[in-house]
J.: 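Input: one structure, supplied below.
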Amino acid sequence: MPELPEVETVRAGLANSILGYSVQAVEILDARSLKRNAGGPKGFKKEILGAKFQQVIRRGKFFWFPISKERALVGHLGMSGQILVRKPADVEDKCTRVILELSRGRSSKQVRFIDQRLFGGLYFDDLVLTSDGKPAGFGPEGRVEPLIPSSASHIARDLLDPHFDPDAVVEKMLTRKTGIKNVLLDQNLMSGIGNIYADESLWLAKLHYNTPAELLSKKKALELIELATDVLRKAVAQGGTSFDEQYKNVNGESGYFAVSLNAYGQTDEPCPRCGTPIRREAWSNRGSHFCPRCQKLKI
DNA sequence: AAAAGTACCTGCGCGC
DNA sequence: TGCGCGCAGGTACTTT
């Protein structure tokens, strides 16, 4: 479920369903999903037993549960991760890697970490002070402390963060010589955007993905940030983008933003603005989708 | 600092 | 039906 809207959908789902629950048992079906845990699977088991979930916070595509003042359980979905909240008796889900058995009073639930490609994972990490001393991320269920997992401390604030500073980010964008899409995807500059929402934002801004960032005017760069923010916000409202069996919310339901996509995954479909067929070009080991007429490369 | 390339993985759908 | 190929919402690490 990987970009900000999909991760936020998961975060909100977890906030709704498992706060107040504690971990009674853990089943590790594939230890590779815990490879970022410094103490290995054994240490993970030890640390998670008895842990109580009281808040879930997200920055960009990272989310975490503070477990104490110093430690958090961190999750990242990578390219194909999912979190499903199930009842213990529910049928098993394909590609399940880790199962947490939870209880609160008499109520029992399972958190299933599912991940086809194993690029995601769960792990414990130390909480460190945010570099700006402001709340670490998004978690509206409680006061968010200025404490962030050390492994995510290099991740910039995302576009939906109340402390995101568009002017400061634009300033940095305009010093970059690389293509604008690389800049949108740079999680150290602004976080939350991935391949879908980068292509969608560039389509909205009528920019070619390889336009050198430094050639944009300040006004155009700011407009791009605003369009990207808008697209993320709308996608969150729709529960994210789902194309297939992956990318569901914690109840296993699809999001509805796919119907609003203008460029991503629309190869050979008419551009909703001008009717020219959308083109897909190989780019950076993946693809870029754009309208060859609306999004010309002007250097 | 920044940019570019590579590594990490599995499984699905497609054409033959 | 089976096989090989291309494809996939990401990040971290290395090298220049």
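By convention in this document, chain letters (A, B, ...) are assigned in the order of the sequence lines, proteins followed by strands, and residues within each chain are numbered from 1.
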J.: Respond yes when some side-chain nitrogen or oxygen of A:Arg117 is under 4.0 Å from OP1 or OP2 of B:dC12, and no when none is.
T.: no
J.: Under a 3.5 Å limit for both distances, which nucleotide forms a Watson-Crick or G-U wobble pair with C:dT1, could you say?
T.: none
J.: Give a yes/no answer on whether the side chain of A:His76 brings an N or O atom under 4.0 Å of OP1 or OP2 in C:dT11.
T.: yes
J.: Can you check B:dG5 for me, syn or anti if syn means within 90° of 0?
T.: anti
J.: Indicate whether OP1 or OP2 belonging to C:dA8 is found under 4.0 Å from a side-chain N or O atom of A:Arg280.
T.: yes
J.: Answer with base, sugar-phosphate or nothing: what part of the nucleic acid does A:Thr241 contact at a heavy-atom distance below 4.0 Å?
T.: base
J.: By a 5.5 angstrom centroid cut-off and a 30 degree plane limit, is there stacking between A:Phe119 and B:dC8?
T.: yes
J.: Taking only the side-chain nitrogens and oxygens of A:His154, find out if one of them lies under 4.0 Å from OP1 or OP2 of C:dT11.
T.: no
J.: Ignoring the backbone of A:Lys94, work out which of C:dG9, B:dC12, B:dC9 is nearest its side chain.
T.: B:dC12
J.: Could you state whether A:Leu19 and A:Trp64 fall into the same hydrophobic cluster, counting links through intermediate Ile, Leu, Val, Met, Phe, Trp or Tyr residues with side-chain heavy atoms under 4.5 angstrom apart?
T.: no
J.: Nearest nucleotide by nearest heavy atom, which residue falls closer to the 5' end of DNA chain B, A:Cys95 or A:Gly179?
T.: A:Gly179
J.: Considering residues, nucleotides and ligands other than A:Asn188, do more than 12 of their heavy atoms fall under 6.0 Å from its CG?
T.: yes
J.: Check this one for me: any side-chain N or O of A:Lys177 less than 4.0 Å away from OP1 or OP2 of B:dA2?
T.: no
J.: Cationic tip of A:Arg36 within the cone over A:Tyr123's six-membered ring, i.e. under 6.0 Å and within 45° of the normal?
T.: yes
J.: I'd like the C1' distance from C:dA12 over to B:dG11, given in whole Å.
T.: 23 Å
J.: Check A:Thr211, A:Asn210, A:Asp199 against A:Lys181 for a side chain to side chain donor-acceptor pair (under 3.5 Å) and give me the one that passes.
T.: A:Asp199
J.: Among the candidates B:dA4, C:dG9, B:dT10, find the nucleotide nearest to the side-chain atoms of A:Leu118.
T.: B:dT10
J.: Scan every strand shown for a Watson-Crick or G-U wobble partner of B:dC9, both distances under 3.5 Å, and answer none if you come up empty.
T.: none
J.: Quick one: does A:Arg286 reach the base of C:dG10 with a side-chain donor-acceptor pair under 3.5 Å?
T.: yes
J.: Could you check which of B:dT10, B:dA2, C:dG9 has an atom nearest any side-chain atom of A:Arg97?
T.: B:dT10
J.: Taking the C1' atom of each, how far is B:dG13 from C:dG10, in whole Å?
T.: 22 Å
J.: Check every atom of C:dA8, C:dT11, C:dG10 against the side chain of A:Glu3 and return the nucleotide holding the closest atom.
T.: C:dG10
J.: Below 4.0 angstrom from OP1 or OP2 of B:dA4, is there any side-chain N or O of A:Thr178?
T.: yes
J.: Taking any heavy-atom pair under 4.0 Å as a contact, classify A:Asn285: base, sugar-phosphate, or nothing.
T.: base
